[in-house]
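Note that the structure is predicted; figures quoted are calculated from it, not measured. Proteins come first, then strands; the chains are lettered A, B, ... in the order of their sequence lines, and each starts at number 1.
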Amino acid sequence: MSDYSPQTIEKKWQQRWTERRAFEVVEDPSKPKFYCLVMFAYPSGHAHVGHVRNYMIGDVVARMKRMLGYQVIHPFGWDAFGLPAENAAIQNEVHPKAWTLDNIAHMKGQLQRLGISYAWEREITTCLPEYYRWNQWIFLKMFERDLAYRRRSSVNWCLSCQTVLANEQVVDGRCWRCSSEVDLRALEQWFLRITSYADQLLDGIDRLTEWPDKVLTMQRNWIGRSEGARVTFSLTGEPALPIEVFTTRLDTIYGGTFVLLAPEHALVDKIAASMNESEAFRKRVRRFRAQDRTARLTGEIEKEGFDTGRRATNPFTGEDVQVWVANFVLGEYGTGAVMGVPAHDQRDFEFAKKYDLPIRIVIQPDDGSAPLAADTLQEAYVGSGRLVASGEFSGLPCADARTVMTQAAAERKIGESTVQYRLKDWGISRQRYWGTPIPIVHCETCGLVPVPYEELPVELPDVTTFSGRGDSPLAQIPEFVNTMCPTCGAAARRETDTMDTFVDSSWYYYRYCDPRNDALPFDPAAARYWAPVDFYSGGVEHAILHLIYSRFFCKVLRDLGLVEHDEPFTRLLTQGMVLKDGAVMSKSKGNVVDPDDMVATYGADTLRLYEMFVAPPEKEIEWTDSGLEGSFRFLNRVWRLVEPLAARVRGAGPPVDDLDDVDRAMRRKTHETIQRVSSDLDPRVHLNTAVSALMELVNDLYVFCDKAGCGPRTWQAETVEIRPETAAVLNEAIEALVLLLSPFTPHLAEELWERLGHHDGVEAADWPTFDPAIAKADTLVVPVQVNGKVRARLTVDAGRSDAALEADALADPQVHPFITGKTVAKVIVARGRLVNIVVK
RNA sequence: GCGAAAGUGGCGGAACUGGCAGACGCGCCGGAUUUAGGAUCCGGUGGCCGCAAGGCUGUGGGGGUUCAAAUCCCCCCUUUCGCACCA
């Protein structure tokens with residue numbers, strides 16, 4: 001008997017898989033397809049055991065689906081543009097491209113040593129012109145449809161990364177990648193009009209039934225749709241300008257006793273300009289504008305305001321109300337101005353109390369509670385009821401009033417119904433080098449001119465020195481910047497910003513379907529076969545970054561006629577992180593575990609099994625060396641059992657029907673295990689319980705072999721003769737074990753499968769099937785309870801009737817003391833599983 | 001503050017539509033084998049009482065529904081995550 005030597009067999013099978021092109025696939029309309037995808041990797045240098053957990057989860061799913069007869073596409077690639085490469089270039093004087101490609105080579109080796117079954121021939125790398133060319137192509141299509149546009153606006157600026165960030169990339173006022181502070185800057189920038197898909201993105205959420213609720217909630221919150229109305233107040237005096245406000249409570253407008261402007265509101269400057277002595281006023285405005293942005297956004301600052309001295313007419317009451325500037329009104333939401341209804345909005349109530357502004361009740365609750373009075377009001381009444389003191393609308397219920405009053409506003413041309421979103425257009429300009437050049441030329445006469453499609457890609461020039469500071473590095477390269485206008489031929493300048501790398505990742509899963517296409521991003525026919533992605537696994541940190549951008553791109557590509565579905569990812573699994581010493585693994589914390597070290601010591605199969613077994617995939621896991629050793633022990637146990645037996649039982653043929661009790665019990669366990677593992681893996685992905693079922697099977701096989709005299713613990717087991725009936729049972733059990741184990745530990749499974757006499761590769765084998773009749777136990781142990789407490793156990797035939805069970809239970813000697821002298825009130829027999837005797 | 005998820009042995013975790021709580025693994029204890037250690041194999045392992053048979057108790061805390069609750073309902077505590085002046 002040989003020892004289990006993962007180093008030898010893993011190398012052997014990885015080589016065979018490559019030679020056989022075992023995981024490469026083409027479209028095959030005769031078979032059902034399955035698209036299994038894991039989020040592609042940023043090539044940071046080294047993958048750690050936390051990163052690869054996700055790849056191993058995907059691999060279990062892909063390998064199982066393959067064995068179930070699906071045409072499985074399971075690709076991998078590299079999210080290869082981005083700042084770390086550029087920062088590394090600045091620090092180490094390596095070119096970002098060299099740095100990135102070296103990292104990719106290293107990490108690819110790491111993944112290959114883990115035996116992940118990727119279709120490597122479909123590998124994509126986003127920093128290569130053959131990929132980012134299609135970013136440019138899609139961008140131009142969007143530009144044509146006015147989905148990509150340029151505008152000057154206030155944008156998030158990361159002080160450390162020295163570039164603009166999209167709203168989604170700012171977390172609690174800080175940069176999502178480097179956690180440094182983010183400022184607001186007014187810059188001219190490129191945006192993608194994701195807001196024109198806001199409703200589709202929101203409505204689509206209801207159809208994403210196989211996504212975690214948590215992610216859907218986050219997306220709903222992020223889109224932040226609210227229905228309401230815009231109404232126009234008008235400033236009295238000179239200049240007589242309109243003030244548009246957005247409200248979701250038009251029904252309360254008769255209680256609108258003041259108007260609040262955000263410090264950033266354009267009117268604030270105009271009012272200042274119309275003043276004689278404006279300096280004190282401007283100073284107060286500047287103070288508000290300078291207040292910490294995060295604190296303003298999160299409401300952590302004190303609500304303050306000041307009177308502009310101007311008045312505006314409430315279009316419904318005709319009354320003139322005060323106009324104030326308030327620091328809690330957000331310039332970037334709605335119209336940047338709100339009506340103050342202190343009786344029915346808590347913020348306005350506090351503001352009115354502080355500055356002694358009038359409070360007028362216009363809604364009275366209709367739930368029978370006491371009527372509200374302005375002078376005794378302790379807090380705003382935000383509930384529903386009926387309108388009072390609201391002119392012709394008095395008496396209407398709130399909800400009806402909103403409809404009627406919106407109509408009235410529209411007729412009188414003082415307002416209209418609108419839907420407001422929290423979602424903003426996606427700012428994609430980045431003032432950095434290592435990204436996709438935006439394919440636009442600035443011409444003095446023609447304006448913004450798209451680079452013609454036939455001139456794509458606009459390649460990144462080869463920059464050799466990186467300062468890392470200042471404006472876009474591309475702007476420093478005259479050969480790149482200076483060009484001719486494609487329309488008029490005059491001298492013109494190229495756009496020097498590059499695209500956000502989230503553009504690259506918004507559609508890469510389609511490129512895998514047809515990765516070498518040089519006429520289109522991908523052939524629509526290929527996408528029709530493979531897409532949408534059936535199973536997508538990755539970190540929850542992308543809940544409202546990559547996952548919302550991708551949904552947006554999917555809809556755009558659908559409208560461009562490239563795909564036919566509405567949602568890109570049918571099922572989403574958000575995998576838990578791997579912690580060490582209670583913290584997420586990271587280079588800076590110095591707590592990373594390198595998979596290569598684990599592979600060298602225990603083998604890839606042990607690492608894979610451990611990470612799949614220790615917790616459900618969605619949960620985070622705490623790395624423990626002893627747990628890893630447990631998995632190694634189990635695989636050795638499998639080896640010691642199967643390896644010496646393989647040659648002796650192979651080809652034994654199917655077990656006969658007429659088995660003795662011991663053989664039949666073993667066979668039952670085999671079929672039950674197939675059933676359990678199959679249902680644990682699909683559709684649920686309960687990988688940990690699937691593994692535990694396999695451990696039970698192995699435990700039972702040890703006992704079984706011991707009885708048969710051929711087990712690992714038997715002295716001179718090799719010379720003991722195995723009965724043919726038993727050999728057949730063993731062969732069936734061992735083959736099932738190897739097949740069921742193969743998605744988890746493919747190398748070990750391949751080796752044993754070969755030793756069992758199969759030469760086509762375990763990945764090409766059929767997933768084992770079970771016979772429910774065999775899997776079913778023929779005797780059951782039925783607990784008997786008296787008043788809910790277990791007092792005895794009955795061993796009975798599986799088919800025993802409920803009536804017979806009741807009689808057995810009442811006659812049982814162990815039950816007897818608990819029922820004698822008492823009245824049996826009721827006996828419940830729960831579907832042959834349990835008997836409960838109720839006594840008084 | 002609002003919302004969601006979770007809370008089960010020393011630890012990671014099982015338990016399908018309410019029906020034997022603690023599968024499986026780690027750790028620990030005991031035994032076999034061994035010169036010894038390691039490895040391996042076998043057995044035990046929620047707590048309390050008991051030599052034992054057995055009994056009592058037990059899924060964050062408290063109440064409730066039910067013949068029966070880790071599971072359903074109400075209140076509270078803790079943790080994690082998300083949202084957070086969005087008018």
Worksheet, complete the sentence: Heavy-atom nearest nucleotide on RNA chain B taken for R676(A) and for N688(A); more 5' hit belongs to N688(A)

Worksheet item: Under a 4.0 Å N-O cut-off, is there an ion pair linking E672(A) with K669(A)?
Response: yes

Discussion item. Within the 4.0 Å limit for protein heavy atoms, which parts of nucleotides 4-9 of chain B are touched? Write it as a string from 5' to 3', B for base, S for sugar-phosphate only, - for none.
Written reply: ------

Item to complete: Verify whether the ring centers belonging to Y355(A) and F258(A) lie closer than 6.0 Å.
Response: no

Worksheet item: How is K789(A) classified with respect to the nucleic acid when contacts are heavy atoms under 4.0 Å: base, sugar-phosphate, or nothing?
Response: sugar-phosphate

Worksheet item: What nucleotide among G82(B), C67(B), A87(B) has an atom nearest to a side-chain atom of F246(A)?
Response: A87(B)

Practice prompt. Determine the sole option in W623(A), F744(A), F634(A), F632(A) for which the ring-ring contact (aromatic ring centres under 6.0 Å, His included) test with Y610(A) is passed.
Written response: W623(A)

Worksheet item: Can you tell me how far P in U78(B) sits from the matching atom in A14(B), rounded to whole Å?
Response: 26 Å

Worksheet item: If you find the nucleotide of RNA chain B closest to I544(A) and the one closest to A830(A), which residue's nucleotide is nearer the 5' end?
Response: A830(A)

Worksheet entry | Secondary-structure stems for RNA chain B, with pairs counted as Watson-Crick or G-U when both distances are under 3.5 Å and runs at least 3 long | B:1-7 with B:77-83, B:10-12 with B:24-26, B:27-32 with B:40-45, B:46-49 with B:54-57, B:60-64 with B:72-76

Practice prompt. Using whole Å, report how far NZ of K303(A) lies from C1' of A87(B).
Written response: 12 Å

Discussion item. Let's see if you can work this out: which of A15(B), C83(B), G55(B) has an atom nearest to the side-chain heavy atoms of F818(A)?
Written reply: G55(B)

Worksheet item: Between R347(A) and F328(A), is NZ or CZ placed under 6.0 angstrom from the six-membered ring centre and within 45° of the ring axis?
Response: no

Where do N or O atoms of nucleotides 24-26 of chain B meet protein N or O atoms at under 3.5 Å, pair by pair?
unit_1 : atom_1 : unit_2  : atom_2 : d
G25(B) : OP1    : N699(A) : ND2    : 3.2
C26(B) : OP1    : R633(A) : NE     : 3.1
C26(B) : OP1    : R633(A) : NH2    : 2.9
C26(B) : O2'    : S626(A) : OG     : 3.0

Discussion item. Quick check against the 3.5 Å criterion: does D425(A) have a side-chain atom that pairs as donor or acceptor with the backbone of T195(A)?
Written reply: yes

